[in-house]
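Read the structure below first, then the notes.
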There are 2 protein chains.
Amino acid sequence: MVDVANRAGVSLKTVSRVVNNEPNVQPDLIERVLAAVAELGFRRNHLASSLRSGQASATIGLLIEEIANPFYATIAGTAAEVVRQHDMMLIIASSEEDPARERQLLRDMCARRVDGLLVVPAGYDHSFLRTEVELGTPVVFLDRPAGGLAADTVLLDNRGGARAGVRRLVEAGHRRIGILLDSVGIHTMRERLDGAYDVLAPAGAPYDTRLVRDGIRDPAAAARTVADLLDRPDPPTAFFSLNNRITVGVIEELCRRGSDAALLGFDDFDLARLVPYPLTVIAYDTHELARVATELLFRRIEGDRSLPRTVVLPTELVARGAPPR
Amino acid sequence: MVDVANRAGVSLKTVSRVVNNEPNVQPDLIERVLAAVAELGFRRNHLASSLRSGQASATIGLLIEEIANPFYATIAGTAAEVVRQHDMMLIIASSEEDPARERQLLRDMCARRVDGLLVVPAGYDHSFLRTEVELGTPVVFLDRPAGGLAADTVLLDNRGGARAGVRRLVEAGHRRIGILLDSVGIHTMRERLDGAYDVLAPAGAPYDTRLVRDGIRDPAAAARTVADLLDRPDPPTAFFSLNNRITVGVIEELCRRGSDAALLGFDDFDLARLVPYPLTVIAYDTHELARVATELLFRRIEGDRSLPRTVVLPTELVARGAPPR
DNA sequence: ACCGATCTTGACAACGTTGTCTTCGAGGAT
DNA sequence: ATCCTCGAAGACAACGTTGTCAAGATCGGT
């Protein structure tokens, strides 16, 4: 910037004014400065700028579990869109469900003086963020609640969705329902499981360890589990898979066997219309989840100091898949 | 940091040394400083740090077309992983295939003094990056070549893959092949189309406008186009869809009609095993694409000054999908 | 011709850190 | 005892920018 000033024969400050489109600079000076900027290939140093002018780095931090997962990719895409509308940049990092890593990444983002944080929590204790929040970095949690910190949160109605879906299975007469899930350690999974038993227990099908299978991380494991359940003497007449990765494996095994078990899955998925098996999915609007959270964050950034609020977005039952041909 | 120094009764510089784990500080001073840091909730300002200590912000910029697209999400995930191994952060932005936006975003990333750029190009002219590159910000392009700038590039063998796939169709006797693509404006699409005609033309099936359909942006459009082609007097006996979004629509329509046309698709997809239609896909390793590009970038950041190189990754033919039941 | 208001420009300090240099003192070799 | 080296700590400037303030120029109104 000093070089530009010399080249244009003006002061440092005048260059700063021109570069930032501040008013009250003579047109001919503006022109000279812009010419010098072009000749010297000057680029404003955004770091120095935000260091001087307060703490705003025009950056939002987004912490998710895993970027490559379509659910989080959709969140990232929507967040990026809203962030862009505010002329800011987005830093994205994955916690990979590791609380220690989550903590480190969030600290690092704060060290970079992000203007706000969007977090899908991996851990159960986010009190370490309290200092940052008090110092003025707003945080919005999405998809899962935070632990030990009062903050804005946007959730899906996991329990209600599971209730509605399982109710439909029960109304169709199903009582032995195999339930497959990723990990009870994850809040959303617990909520979905609880929702299922909100309906199953009163219908005379109390919690049954043999029908609930935890720790299923990929479609292959889901397929094996379905095979195992169907080979038992008293096989389930229906399955409830608690995320879409599991649903894929379940469908695979049911198709392979030509089974006619009913299938309910949490999470919609893109290629559902190609699936050769009739299923009901509990769908929700991932874009909306991210949009609401990001807009909430920007309201905070713009100075909204009201009490933290929690928004719960509805889910919807949708019939998907074609009957096998 | 001044406050911490006062609190600990040491100088500013000593705090800096402790915070950065520099050697030659007395253990008792280290302890006092760390205590003060904890009491005051001190957080090192990463912006100020990188402003002073050179230009490194420990940040990599990734520019892709669309975050929510699984292909780019996979790239982002892999890049994030490698970047994390280097203790850096990743800024991600979407150009949405808009060259002007691409340019603006890249400039903005440079203004934030990223240590390097990973770019899936949207435009055809990247000469505006030359200054940055010369000033020491390395750039690696992936999936598509850059325009007007000599830089490292990692590509897929689009043309070779298309050739291999179409060769298989031709060997099976197909000559009337409907080809569906997104946009000839995109480099990868042109390469795939050229690859197809590398094989088709010598086999006596020269370029036929009626069989090549451009501008197909979503599965529904693909389905309509397939319907249209099949309703012609001389319908194609096979289809080649140039990306996976199109493949989905093609399968949908072929299933609906109970057609037995052969199908070749560029891009593998996740749920391919559930698809009730036999198809061959031209697959490739997206992780590898991103990994190679990111590692190339870090070699440049670490000072590799050799001539820019272009890496072309192979594709593979894979049989997918089940025959309709 | 004079005054105040407004516009234009620049000098200077400051943002929070770290690189460089200096100072001071202790320890070892002669 | 003297010299040299090395370790520990701090003073100070600098990174590239912008906020603040002051100075000078211009202008309209009296």
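By convention in this document, chain letters (A, B, ...) are assigned in the order of the sequence lines, proteins followed by strands, and residues within each chain are numbered from 1.
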List the residues meeting side-chain hydrogen bond (donor to acceptor under 3.5 Å, both in side chains) with [X], not counting sequence neighbours, and say none if there are none.
{"X": "B:D108", "result": "B:R112"}
{"X": "B:D115", "result": "none"}
{"X": "A:R305", "result": "none"}
{"X": "B:R43", "result": "A:E132"}

Report the distance from atom [atom1] of [X] to atom [atom2] of [N], rounded to the nearest whole Å.
{"X": "A:E22", "N": "D:dG19", "atom1": "CD", "atom2": "P", "value": "7 Å"}
{"X": "A:L40", "N": "D:dG16", "atom1": "CG", "atom2": "P", "value": "14 Å"}
{"X": "A:N21", "N": "D:dT18", "atom1": "CG", "atom2": "C1'", "value": "15 Å"}
{"X": "B:R113", "N": "D:dT17", "atom1": "CZ", "atom2": "P", "value": "7 Å"}
{"X": "B:R44", "N": "C:dT17", "atom1": "CZ", "atom2": "P", "value": "8 Å"}

Residues which pass salt bridge (charged side-chain N to carboxylate O under 4.0 Å, His left out) with [X], listed by chain and number, not counting sequence neighbours:
{"X": "A:D3", "value": "none"}
{"X": "A:D143", "value": "none"}
{"X": "A:E96", "value": "none"}

Heavy-atom protein contacts under 4.0 Å, nucleotides 9-15 of chain D, coded B base, S sugar-phosphate only, - none: BBB-BBB

Axis deviation across the helix from C:dA1-D:dT30 to C:dT30-D:dA1, five-pair ends, to the nearest 10°: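 Comparing the first five pairs with the last five, the axes sit 40° apart.
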
Only distances under 3.5 Å count here; give the side-chain donor-acceptor pairs of residues 5-17 of chain B to other protein atoms, sequence neighbours excluded, each with its distance to 0.1 Å.
from, atom 1, to, atom 2, distance (Å)
B:R7, NE, B:E39, OE1, 2.7
B:R7, NH2, B:E39, OE1, 2.0
B:S11, OG, B:K13, N, 3.3
B:S11, OG, B:T14, N, 3.3
B:S11, OG, B:T14, OG1, 3.3

A:T188 and side chain to side chain contact (heavy atoms under 4.5 Å, CB included): which single residue from A:N243, A:N158, A:V120 fits?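 That would be A:N158.
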
Could you run down the sub-3.5 Å N/O contacts of the protein with nucleotides 25-27 of chain D?
none

For B:D304, all residues meeting side chain to side chain contact (heavy atoms under 4.5 Å, CB included), sequence neighbours excluded: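 For B:D304, the residues satisfying side chain to side chain contact (heavy atoms under 4.5 Å, CB included) (neighbours in sequence not counted) are B:R299, B:R300, B:S306, B:R309.
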
Looking only at atom types and distance, does a side-chain atom of A:N20 sit under 3.5 Å from a main-chain N or O of A:E22, one as donor and one as acceptor?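 Not at all, since once roles are kept as given, no pair shorter than 3.5 Å links the two residues.
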
Phosphate oxygens OP1/OP2 of C:dT18: is one of them under 4.0 Å from a side-chain N or O of B:S16?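 Checking B:S16 against C:dT18: at least one side-chain N or O falls below 4.0 Å of OP1 or OP2.
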
